[in-house]
Colleague: 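So that we are looking at the same thing, I have put the structure below in structure tokens.
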Amino acid sequence: MRTMRAFVVVMLACLSLMVQAQPADVLPQDSLRAFDQFFMEAMVQRQKGNNDAAFDLLRHCQTLNPKAPEVYFFLAQYYSGLRQTEKATECIKQAAALAPENETYMETLAQTYIRQQDYASAIPVIEGIYERNKDHQDLLEMLFQLYQQVGDNENAIEVLNRLEKIDGKSERLSQAKSELYTRMGDKKAAIAEMYSLAKQYPNDLNYQAMYGEALMMNGQTKKALNVYHQVLESEPDNNRVLLSLRTYYQSQGDRAIADSLTERVLLNRNATSEERIHLLRQEIAACEAADGDSTRVLELFHKMLSLPQSDPDMAILCASYMNAKKMPKDSIRQVLEKILSIAPDHSAARLQLVGYAWEEEDFERVIALCQEARQYTPDEMAFYYYQGIAYYKQENLDGALSAFQNGIGVINNESDPAIVSDFYAVMGDILHQKGLPEEAFAAYDSCLQWKDDNIGCLNNYAYYLSERGEQLEKAETMSFKTVKAEPKNSTYLDTYAWILFMQERYSEAKIYIDQALQNMEDSLGNEVIIEHAGDIYAQNKDIDRALSYWRDAQQKKPEDQLLLRKIKQKKYLKK
């Protein structure tokens with residue numbers, strides 16, 4: 001039913017185009033009937049998506065009736081799809097020429113010219129459309145832009161005059177006309193335009209300020225300054241005038257007055273946040289262009305941030321500037337805290353604070369910051385991650401597991417695979433420590449689905465499988481990836497050696513355990529590697545070397561009864 005309804009709509013549209021654009025030379029009845037049949041069949045094939053057939057039928061229609069504008073209109077679309085731009089343009093020009101009263105054809109022609117940046121050709125087409133239908137006021141806006149593109153300022157002003165007759169005098173139109181007059185060198189007209197606006201609205205001092213700007217821009221500095229001072233007498237906090245005066249004194253090289261005006265604007269209760277931000281960006285740019293001394297800029301930020309803030313934008317800009325200038329972290333931290341006091345859901349500021357706390361190993365602060373963040377930005381995975389790791393560093397396995405499990409709940413298709421992978425990897429480590437190996441292995445599998453080269457996960461997964469003597473081929477494949485990625489990592493080399501050992505490939509295991517021993521930075525905390533070396537050498541029939549490694553390991557864990565038994569019995573013993 002929907003397909004039929006769509007088909008009927010298309011047919012009616014096509015018939016409408018035909019009715020609007022009957023050719024001047026009427027065909028004989030038989031020829032007209034043949035043309036109609038082929039054209040309707042072309043539209044049927046078009047509706048069915050059989051574009052090749054529709055295209056061929058339309059070209060046949062063109063031979064039957066070379067003066068049918070609707071044929072050229074549809075052919076233009078097909079040529080455009082085939083990227084035959086010249087043919088497409090010629091077809092739509094032909095359609096428009098045959099049926100100039102058809103608004104659809106004319107609009108398409110205008111759009112074609114504009115796409116080709118042939119603005120001069122587009123102008124008369126749009127003017128014609130507007131003449132026939134003056135309800136399209138948006139066409140005047142388009143004409144204004146086009147006349148500027150071709151450098152025809154006089155006609156651009158004439159279009160603005162037409163808009164002014166419809167909408168009345170306004171700031172936007174008067175200012176645009178004044179700028180065009182200035183561009184044309186007609187200073188008198190430029191000033192007169194803004195004077196007319198100010199005169200029409202005498203109680204709006206902003207228009208007086210704009211009149212002053214026109215005077216200043218066109219060389220009448222003394223008159224402009226008089227206008228500015230008159231405005232300030234009535235409205236001392238008029239930002240427009242203050243900014244204009246600041247620009248003037250900057251041009252005169254009077255930095256003291258310009259700087260005082262800068263502060264006056266920044267501290268002005270009438271200034272918008274956008275104005276303040278824009279002005280401070282100018283000050284930063286000027287500072288960097290001069291000597292790069294941040295003292296002046298930081299003073300301005302300090303004064304601004306001491307005032308009540310309705311939004312965090314000023315503090316955000318300050319923090320960005322201080323980061324760029326590599327200011328001390330304690331100073332930046334204060335500004336970041338200010339941002340959060342205004343906008344507690346500002347993730348970037350909070351993450352930077354988390355980073356500072358992490359560097360200082362203040363895991364309690366990390367946990368607190370992340371817990372607060374979860375209230376304001378519950379979908380931001382990073383906070384669950386850092387909170388979980390902080391708990392893990394504190395050996396609070398339950399807290400860590402809870403944070404990670406909650407974080408997994410916000411995973412979606414746009415989540416960062418690396419972060420999601422690490423979530424599952426650490427969860428696997430925690431679950432294994434809690435004596436839940438099956439759950440741990442499931443977490444590792446999930447980790448590798450998100451990132452199959454998560455090296456830490458591959459190593460731990462492989463080692464824990466080898467400890468259980470399970471899936472040793474899978475463990476070997478995973479472990480080999482880690483050795484290939486980091487061939488001098490003693491932990492990864494030890495894991496691979498141990499898996500080979502569990503497969504009773506003792507001579508191969510010896511090669512990799514020797515590499516693990518060579519790449520140990522020191523023996524501290526590496527008693528497992530040393531014990532493994534003893535086990536491997538024992539199974540390679542070198543009991544003296546085995547005893548040497550076992551004794552070294554036993555010194556680091558003197559209560560290990562299995563090690564004592566190995567040394568006493570001088571042979572490898574399973575757990």
Colleague: Just how far is it from atom CG of L431 to atom CG of L401, taken to the nearest 0.5 Å?
Modeller: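 Atom-to-atom, L431:CG and L401:CG are 5.0 Å apart.
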Colleague: Heavy atoms, side chains only, cut-off 4.5 Å: are Q208 and Q230 in contact?
Modeller: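 A side-chain contact under 4.5 Å is absent here.
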Colleague: Going by heavy atoms in the side chains, are V297 and K325 under 4.5 Å from each other?
Modeller: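 No, their side chains stay 4.5 Å or more apart.
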Colleague: Check for a donor-acceptor pair, side chain of R276 on one end and backbone N or O of N268 on the other, with a separation under 3.5 Å.
Modeller: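 Looks like yes, one N/O pair under 3.5 Å.
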Colleague: What pairs of residues pass the salt bridge (Lys or Arg N to Asp or Glu O under 4.0 Å) test when at least one of them lies in residues 253-263, not counting sequence neighbours?
Modeller: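 The answer is R255-D259, D259-R296, E263-R296, E263-K303.
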Colleague: Check for a donor-acceptor pair, side chain of N238 on one end and backbone N or O of V241 on the other, with a separation under 3.5 Å.
Modeller: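 Flag set: sc N238 to bb V241 pair under 3.5 Å.
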Colleague: Do Y461 and D445 have side-chain atoms, one donor and one acceptor, less than 3.5 Å apart?
Modeller: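 Note: Y461 and D445 side chains meet the donor-acceptor criterion.
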Colleague: Any Lys/Arg nitrogen of R281 or D313 sitting under 4.0 Å from an Asp/Glu carboxylate oxygen of the other?
Modeller: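 No, R281 and D313 are not salt-bridged.
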Colleague: Ion pair present between E527 and K557, side-chain N to carboxylate O less than 4.0 angstrom?
Modeller: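 Between K557 and E527 there is no salt bridge, as every charged N stays at least 4.0 Å from the carboxylate O atoms.
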Colleague: Tell me the closest heavy-atom pair linking D494 and A516, and the distance in Å.
Modeller: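 Heavy atoms of D494 and A516 come nearest at N-CB, 3.8 Å.
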Colleague: Which residues pass the salt bridge (charged side-chain N to carboxylate O under 4.0 Å, His left out) test with R246, sequence neighbours left out?
Modeller: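 Once residues adjacent in sequence are excluded, the partners of R246 under the salt bridge (charged side-chain N to carboxylate O under 4.0 Å, His left out) criterion are E283.
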Colleague: Quick one, T482 and L493 - any side-chain contact, counting heavy atoms below 4.5 Å?
Modeller: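 The answer is no, as the side chains (C-beta and beyond) never meet within the 4.5 Å cut-off.
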Colleague: Of all heavy-atom pairs between L562 and K574, which one has the smallest distance, and what is that distance?
Modeller: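 Heavy atoms of L562 and K574 come nearest at CD1-O, 3.9 Å.
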Colleague: Start with the C-alpha gap between C457 and L448, add the side-chain angles, then the distance that decides, and say whether side chain to side chain contact (heavy atoms under 4.5 Å, CB included) holds.
Modeller: CA-CA 8 Å; C457 172; L448 296 175; 4.0 Å; yes
Colleague: Can you name the nearest heavy-atom pair linking I499 to A475, along with the distance?
Modeller: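 Heavy atoms of I499 and A475 come nearest at CD1-O, 3.5 Å.
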Colleague: If only atom types and distance count, is the side chain of N406 paired as donor or acceptor with the main-chain N or O of S402 below 3.5 Å?
Modeller: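 Pair found, side chain donor or acceptor close to backbone of S402.
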Colleague: With rounding to the nearest 0.5 Å, note down the distance linking CG in L245 to CG in L225.
Modeller: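 It comes to 6.5 Å.
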Colleague: Any chance CD of E395 has more than 12 other-residue heavy atoms, nucleotides or ligands included, within less than 6.0 Å?
Modeller: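 No.
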Colleague: List the residues meeting ring-ring contact (aromatic ring centres under 6.0 Å, His included) with Y207, not counting sequence neighbours, and say none if there are none.
Modeller: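 Y207 satisfies ring-ring contact (aromatic ring centres under 6.0 Å, His included) with Y201 only.
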Colleague: Does E360 come within less than 4.0 Å of R333, counting only side-chain N to carboxylate O?
Modeller: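 Looking at R333 together with E360, the answer is yes, because their closest N to O distance falls below 4.0 Å.
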Colleague: How about H278 and Q282: do any of their side-chain heavy atoms sit closer than 4.5 Å?
Modeller: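 Touching, per the 4.5 Å side-chain cut-off.
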Colleague: Is it the case that more than 12 heavy atoms not belonging to K393 sit under 6.0 Å from its NZ atom?
Modeller: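 Not buried by this count: 12 neighbours or fewer within 6.0 Å.
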Colleague: Could you give all pairs that pass the side-chain hydrogen bond (donor to acceptor under 3.5 Å, both in side chains) test and reach residues 419-438, with sequence neighbours left out?
Modeller: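 Residue pairs passing side-chain hydrogen bond (donor to acceptor under 3.5 Å, both in side chains), neighbours aside: Y392-Q433, D398-K434, S421-N454, D422-N454, D429-Y444, D429-N460, E438-R468.
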Colleague: What's the shortest heavy-atom distance between L279 and T262, and which atoms?
Modeller: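 Closest approach of L279 to T262: CD2-O, 3.8 Å.
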Colleague: Could you walk me through whether Q175 and L197 pass the side chain to side chain contact (heavy atoms under 4.5 Å, CB included) check?
Modeller: CA-CA 9 Å; Q175 195 163 24; L197 179 68; over 6 Å; no
Colleague: Supply the atom-to-atom distance L353 CG to E337 CD, rounded to the nearest 0.5 angstrom.
Modeller: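 Between L353 CG and E337 CD, I get 5.0 Å after rounding to 0.5 Å.
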Colleague: Would you please name every residue forming a ring-ring contact (aromatic ring centres under 6.0 Å, His included) with Y512, sequence neighbours left out?
Modeller: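 Here the qualifying residues are Y496.
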Colleague: Apply the test side chain to side chain contact (heavy atoms under 4.5 Å, CB included) to residues M304 and L267: give CA-CA distance (whole Å), side-chain angles for both, the deciding distance (0.1 Å), then the verdict.
Modeller: CA-CA 7 Å; M304 289 303 307; L267 301 176; 4.1 Å; yes
Colleague: Is there a side-chain contact between N489 and N459 (heavy atoms, below 4.5 Å)?
Modeller: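 Not in contact.
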Colleague: Are the side chain of S178 and the backbone N or O of S174 linked by a donor-acceptor pair below 3.5 Å?
Modeller: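 No; zero donor-acceptor contacts below 3.5 Å.
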Colleague: Does the distance from a Lys or Arg side-chain N to an Asp or Glu carboxylate O, for D514 and K510, drop under 4.0 Å?
Modeller: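 Yes, this pair counts.
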Colleague: Checking E164 side chain against G168 main chain: does a donor-acceptor pair fall under 3.5 Å?
Modeller: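 No; judged by distance alone, with no hydrogens or angles, the pair does not exist.
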Colleague: Within a radius of less than 6.0 Å around NZ of K488, do more than 12 heavy atoms belonging to other residues, nucleotides or ligands occur?
Modeller: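 It does not: K488 NZ has 12 such atoms or fewer within range.
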Colleague: Apply side chain to side chain contact (heavy atoms under 4.5 Å, CB included) to residues L298 and M327 and explain how you reach the verdict.
Modeller: CA-CA 11 Å; L298 290 173; M327 303 296 294; 3.5 Å; yes
Colleague: Indicate yes or no for a side-chain donor-acceptor contact from S251 to the backbone of Y248 under 3.5 Å, with no hydrogens or angles considered.
Modeller: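 Checked: pair present.
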Colleague: Please determine whether side chain to side chain donor-acceptor pair (under 3.5 Å) holds for the pair Q394 and E364, giving the CA-CA distance in whole Å, both sets of side-chain angles, and the decisive distance to 0.1 Å.
Modeller: CA-CA 9 Å; Q394 293 181 329; E364 286 294 338; 3.0 Å; yes
Colleague: Could you tell me which non-hydrogen atom of L472 sits nearest to which non-hydrogen atom of M502, and how far apart they are?
Modeller: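 That would be CD1-O, 3.8 Å.
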Colleague: Rounded to the nearest 0.5 Å, how far apart are CD of Q555 and CD1 of I530?
Modeller: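 Q555 atom CD to I530 atom CD1 measures 9.5 Å (nearest 0.5 Å).
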Colleague: Just wondering, do E275 and V265 contact through their side chains at under 4.5 Å, heavy atoms?
Modeller: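 No - every pair of side-chain heavy atoms lies 4.5 Å or more apart.
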Colleague: To the closest 0.5 Å, what do you measure between CD1 (I513) and CD1 (I536)?
Modeller: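 If I round to the nearest 0.5 Å, the distance is 4.0 Å.
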Colleague: Can you measure from OH (Y549) to NE2 (H532) and round to the nearest 0.5 angstrom?
Modeller: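 So the OH of Y549 and the NE2 of H532 are separated by 14.0 Å.
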Colleague: Kindly check if the number of other-residue, nucleotide or ligand heavy atoms within 6.0 Å of CZ (F404) is above 12?
Modeller: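 Buried by this count: over 12 neighbours within 6.0 Å.
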Colleague: State whether the number of non-hydrogen atoms from other residues, nucleotides or ligands found under 6.0 Å of E361 atom CD is greater than 12.
Modeller: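 No - once you tally the heavy atoms of other residues, nucleotides and ligands closer than 6.0 Å, there are 12 at most.
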Colleague: Compare every heavy atom of N519 with every heavy atom of Q515, then report the nearest pair and how far apart it is.
Modeller: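 That would be O-ND2, 2.7 Å.
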Colleague: Using a 3.5 Å distance criterion without hydrogens, assess whether the side chain of Q309 forms a donor-acceptor pair with backbone atoms of L307.
Modeller: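 Between the backbone of L307 and the side chain of Q309 there is a qualifying donor-acceptor contact (under 3.5 Å).
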Colleague: Please determine if E213 and R240 form a salt bridge, counting it only when a charged side-chain N lies under 4.0 Å from a carboxylate O.
Modeller: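 Looking at E213 and R240, the cut-off is met.
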Colleague: A side-chain contact here means heavy atoms from C-beta on lying under 4.5 Å apart; do L140 and F144 qualify?
Modeller: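 Answer no - side chains too far apart.
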Colleague: Can you pull the side-chain hydrogen bond (donor to acceptor under 3.5 Å, both in side chains) pairs that have at least one residue in residues 345-356, sequence neighbours excluded?
Modeller: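 Qualifying pairs: N323-Q352, R350-E372, Q352-Y356.
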Colleague: Mind checking whether W450 and I411 have side chains closer than 4.5 Å, heavy atoms only?
Modeller: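 In short, these two side chains touch, coming nearer than 4.5 Å.
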